[in-house]
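Here is the structure we will look at, set down as structure tokens.
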Amino acid sequence: MSKLYHVVLISFRPDVSEAVRQEVYDRFQSLDKDCGGKEAGILFWTVGRNLDLRKNVHLVELAVFEDDSALQAFRQHPKHKELT
């Protein structure tokens with residue numbers, strides 16, 4: 001079965017403070033491990049700052065999941081729900 005690539009573009013409202021933006025960024029750094037990591041089918045995970053803000057996208061998440069069931073389990077995980 002082929003892997004599932006997952007890309008998320010994350011924007012902040014203009015009134016969100018830099019401290020909150022940093023907290024969200026920091027929490028995203030370990031979200032894959034917090035949700036089970038490789039054992040849960042999360043094969044690759046990175047979240048970085050977008051350097052081109054013309055479209056108001058601040059963070060970019062790129063993940064590779066073993067399959068759709070791994071993605072769906074990730075989406076339902078309490079740590080994922082808490083952050084999103």
Side-chain angles (χ1 to χ4, degrees):
M1 185 173 267
S2 46
K3 309 300 181 229
L4 181 68
Y5 293 81
H6 182 64
V7 178
V8 177
L9 306 176
I10 302 159
S11 298
F12 296 108
R13 293 187 182 113
D15 60 336
V16 174
S17 71
E18 185 55 40
V20 170
R21 292 172 191 230
Q22 184 64 47
E23 178 187 351
V24 170
Y25 173 81
D26 292 344
R27 290 177 65 191
F28 263 109
Q29 298 310 304
S30 63
L31 188 60
D32 60 328
K33 292 174 191 67
D34 296 341
C35 294
K38 291 200 185 323
E39 293 80 26
I42 305 169
L43 305 177
F44 177 81
W45 180 265
T46 188
V47 177
R49 296 184 189 280
N50 183 18
L51 301 178
D52 182 356
L53 298 177
R54 290 178 293 172
K55 295 185 179 178
N56 200 39
V57 173
H58 298 96
L59 302 177
V60 178
E61 169 197 317
L62 173 60
V64 179
F65 291 87
E66 191 172 282
D67 53 27
D68 187 57
S69 64
L71 171 60
Q72 297 312 318
F74 169 76
R75 292 180 67 209
Q76 295 304 313
H77 194 282
K79 289 288 187 180
H80 179 263
K81 286 185 170 189
E82 178 184 304
L83 184 54
T84 58

Checklist entry - Under the ring pair (Phe, Tyr, Trp, His ring centres under 6.0 Å) rule, what pairs show up with a residue in residues 11-33, not counting sequence neighbours? => result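 For residues 11-33, and leaving out neighbouring residues, the ring pair (Phe, Tyr, Trp, His ring centres under 6.0 Å) pairs sorted by first residue read Phe12-His58.
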Let me confirm one number: the [atom1]-[atom2] distance from [X] to [Y], rounded to the nearest 0.5 Å.
X: Lys55; Y: Ser11; atom1: NZ; atom2: OG; value: 11.5 Å
X: Asp34; Y: Ile42; atom1: CG; atom2: CD1; value: 9.5 Å
X: Cys35; Y: Gln76; atom1: SG; atom2: CD; value: 11.0 Å

[X] versus [Y]: any side-chain heavy-atom pair under 4.5 Å?
X: Leu83; Y: Leu31; result: yes
X: Ile10; Y: Val8; result: yes
X: Leu71; Y: His6; result: yes

Checklist entry - For Asp52, which residues count as a salt bridge (charged side-chain N to carboxylate O under 4.0 Å, His left out) partner, sequence neighbours excluded? => result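 Listed in chain order: Arg54.
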Checklist entry - Just wondering, more than 12 heavy atoms not from Arg27 lying within 6.0 Å of its CZ? => result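 Count over threshold, so yes.
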Checklist entry - If you look at every heavy atom in Ala70 and Asp67, which pair is closest and at what distance? => result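 Smallest heavy-atom distance, with atoms named: N-OD1, 2.9 Å.
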With a 3.5 Å distance limit and no angle check, can you tell me whether [X] reaches the backbone of [Y] through a side-chain donor-acceptor pair?
X: Glu61; Y: Thr46; answer: no
X: Ser30; Y: Lys33; answer: no
X: Arg75; Y: His80; answer: no

Item to check | Members besides Tyr5 in its Ile/Leu/Val/Met/Phe/Trp/Tyr cluster (side-chain heavy atoms under 4.5 Å) | outcome: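 Answer for Tyr5: Val7, Leu9, Leu43, Phe44, Val57, Val60, Leu62, Val64.
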Checklist entry - Mind checking whether Phe65 and Trp45 have ring centres under 6.0 Å apart? => result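 Centroid distance Phe65-Trp45: not below 6.0 Å, so no.
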